[in-house]
Every structure is written in structure tokens, then in C-alpha cells.
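Here the structure is a predicted model, which is why all the values come from computation and not from measurement.
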Amino acid sequence: MKRIKIYRIFVYVALILLAISIIIPVAWVFLASIKQNKELYGNPWTLPEGFYFRNFVEAWTNARMGDYMFSSVIVTALALVLLLVIALPASYVISRFQFAGRRILQVAFMAGLFININYIVVPLFLMLADADTWLTSFGLDGFFLNNRFILALVYASNALPFTIYLLSGYFQTLSHAYEEAAYVDGAGYFRTMVQIMFPMAKPAIITIILFNFLSFWNEYIIAMTLLTDPHGAKTLPVGLLQLTQAQNAKAEWGYLYAGLVLVMLPTLVLYMLVQKKLTQGMTLGGLKG
């Protein structure tokens, strides 16, 4: 019993220290974002003299963080929609039905888990650039680079293996009794999948939405590579890097921290909204007992 108590104390202390190491930097960034620039040259741990909202106004308008946020919202939403439209039916069919080629599809999707797209981003860029060159040879405008839909498609394709792996594992935990009851009531395969099985997989769906939202929203390398137009649409991480470079020269740190808050705030809000459902996606099944 003493060893168990000591172990629990050790775990609690470690978790508290970990929470402090995360909370303090985040809180410091929020406080720095509402300080005037002169306050940041003094003691960085002092409380702000007041709420200096102009930092957010300047970051939103002059630094174009509003445009970058709009681009990030569009790209992330498109990528999530494409991912769910493809992954939900695919994972359901792979996990619930036996058909020729099923094992090959499973192996192919699992193999995708070991491919890091950051390692193949240069060949991907060259392929899309060649496709644009081919279009321009016919007098058409380029389509594949500087296109938010193509960027969203790349994001969704990259997240597809892990999403199918997670969802198919969850669907396998659900009893076939639900489908059999739906078939007896006259429901077809598609209606059973959409109206019966998908709602039952809601915890897993929320989990993959949150994980992939964080991945898409914070992604930098692919967005920087595929959105090459300096005056075109940029996502928030790319725009934040440009803001960082600009403010390092101007030493206007308040704008920079306000931009950091604009990047972090959506993820924090989303996590607070779905935190109760987050852990359920890995553990809940269709039947108990």
C-alpha cells in the first residue's frame, strides 16, 4: 500500500509539473498580447497596465491575419469534409463486410501510416508544378498550385490512413445485431450505414475531427510549399511566420503575440467544447455486458 501511495504521489506531482509547464507559457502569451510594446521591454512577468486591444486590430488588418485565418478556416473545413466523406464509408465497409481485395486495401491503408508527407513534399510540389506547366501550355491558368482546394485534398489524403485505422477499429467493436435489426425493418445497406452505424460512431468521429483539425490548422510545411504566391492566400502558420519575420525587424512584439493568440484560440475553444467526447472515441463500443 505504501508503494502504491508513493507511486500515486509521484504521478500527481509529474502531472502537476507538466500542467504548469504548459499553462504558464500559454498564459504568458495571452498576457503579452494585451500589453503595449514598452511594457514588454521591462519585466516580462508583470501584469499588463490595461487591455491594449490595438495589438489585435493591427495583427488582424495590417498584418493580414484576418485573411490568413479565413484561408485556414476554408482549407481546414474542406479537408475535414473530404476526409469524412471518404473515410467514413471506407472504414465501415472494410470493417463490416468480407469482399475480394479487402485484405489488400487494409494493408495499403496501414502502409500509409508509415509515410510522412513532409518527406515527399518536394516531389509532390514538382508534380503539381508540372501539371500547372502542362495546363499553361494549352493557354489555361494554373490550377494545382496556390489552390486551397488542392491543399485541402492533400491534407485529407495524408490523414486518410490514420482516420480509417481508427474508425475501422471502432466499427469492429459494434455488434452486428444493430445492422440485422435494421435489415429486418427494411433498411438498405446505405440507410443502415448512415442512420444507424454512423450515429453510434459519434465519439470516434468527434475524436478524429479534433485530431485532424489540430493537424490541419497547425500545418506549416505543406502550406508553405504549395501556396507559393507571395500576395495570394496563406494559412495562419505561414502568415504567422511572415509576421514574426516582420516584427523581428520592427520590434513590435505586441502584434506578434496577438497573432499567436489568434492561432491558438480556435484550437483551445474547440478542445474545451469536445473534451468530454475526446477519450470516448478510443474506448466505447456499441454493446455493454
Side-chain angles (χ1 to χ4, degrees), residues 22 26 68-95 105-106 108-121 124 128 147-174 193-194 197-227 233-240 262-284:
I22 296 174
V26 173
Y68 300 148
M69 177 171 284
F70 177 75
S71 293
S72 287
V73 169
I74 294 297
V75 171
T76 302
L78 281 174
L80 287 175
V81 170
L82 290 171
L83 180 63
L84 292 177
V85 168
I86 299 172
L88 280 172
S91 58
Y92 173 72
V93 171
I94 289 175
S95 63
L105 285 176
Q106 285 183 319
F109 283 124
M110 294 308 101
L113 292 172
F114 301 96
I115 299 177
N116 190 330
I117 195 171
N118 293 328
Y119 299 150
I120 61 173
V121 67
L124 178 63
L128 297 178
N147 189 321
R148 287 180 289 202
F149 176 79
I150 297 298
L151 179 61
L153 184 61
V154 172
Y155 284 171
S157 302
N158 181 47
L160 195 60
F162 172 75
T163 304
I164 290 181
Y165 170 76
L166 179 62
L167 288 176
S168 60
Y170 187 89
F171 279 125
Q172 289 175 355
T173 67
L174 304 179
M193 178 182 69
V194 174
M197 305 308 293
F198 285 176
M200 294 182 63
K202 184 178 178 180
I205 294 173
I206 292 176
T207 301
I208 61 108
I209 287 176
L210 178 61
F211 283 164
N212 288 305
F213 174 85
L214 296 176
S215 176
F216 300 159
W217 186 265
N218 296 318
E219 200 284 322
Y220 166 74
I221 295 178
I222 303 173
M224 180 189 68
T225 305
L226 300 187
L227 302 179
K234 302 287 184 182
T235 58
L236 267 177
V238 179
L240 184 62
L262 292 175
V263 175
M264 291 191 299
L265 196 58
T267 58
L268 293 176
V269 172
L270 179 64
Y271 178 78
M272 287 187 294
L273 292 176
V274 301
Q275 59 176 330
K276 293 183 180 179
K277 296 289 185 179
L278 179 59
T279 56
Q280 297 179 8
M282 300 290 186
T283 57
L284 291 182

Name all residues meeting the side chain to side chain contact (heavy atoms under 4.5 Å, CB included) criterion together with [X]; count only those two or more places apart in sequence or in a different chain, and write none if there are none.
X	answer
V85	V81
N158	I117
A90	I164

Mind listing the closest non-hydrogen atom pair of [X] and [Y] along with its distance?
X	Y	result
M110	Y165	SD-CD1, 3.4 Å
S91	L88	OG-O, 3.1 Å
L84	P89	O-CD, 3.8 Å
A159	F216	CB-CZ, 3.8 Å
P203	T207	O-OG1, 2.9 Å
L227	K234	O-NZ, 2.6 Å

Starting at [atom1] of [X], measure out to [atom2] of [Y] and round the result to the nearest 0.5 Å.
X	Y	atom1	atom2	value
L160	L113	CG	CG	10.0 Å
L210	I205	CG	CD1	14.0 Å
L83	T163	CG	OG1	4.0 Å
Y170	M197	OH	CE	9.5 Å

Name all pairs fulfilling the side-chain hydrogen bond (donor to acceptor under 3.5 Å, both in side chains) condition that reach into residues 215-225, sequence neighbours left out, sorted by first residue then second.
Y155-E219
Side-chain heavy-atom pair T235, L151 within 4.5 angstrom cut-off:
yes
Determine, step by step, whether F109 and I94 satisfy the side-chain contact (heavy atoms from CB on, under 4.5 Å) criterion, reporting the C-alpha distance in whole Å, the side-chain angles of both residues, the deciding distance to 0.1 Å, and the verdict.
CA-CA 11 Å; F109 283 124; I94 289 175; 3.6 Å; yes
Sequence neighbours left out, what passes ring pair (Phe, Tyr, Trp, His ring centres under 6.0 Å) with Y68? Give chain and number order.
none
By side-chain hydrogen bond (donor to acceptor under 3.5 Å, both in side chains), which residues pair with [X], not counting sequence neighbours?
X	value
S72	none
S71	R148
Q172	none
N118	N116

Please check if atom CZ in F198 has more than 12 non-hydrogen atoms from other residues, nucleotides or ligands closer than 6.0 Å.
yes
Output every pair passing ring pair (Phe, Tyr, Trp, His ring centres under 6.0 Å) with a member in residues 72-92, not counting sequence neighbours, ordered by first then second residue.
Y92-F97, Y92-F171
Checking T76 side chain against V73 main chain: does a donor-acceptor pair fall under 3.5 Å?
no
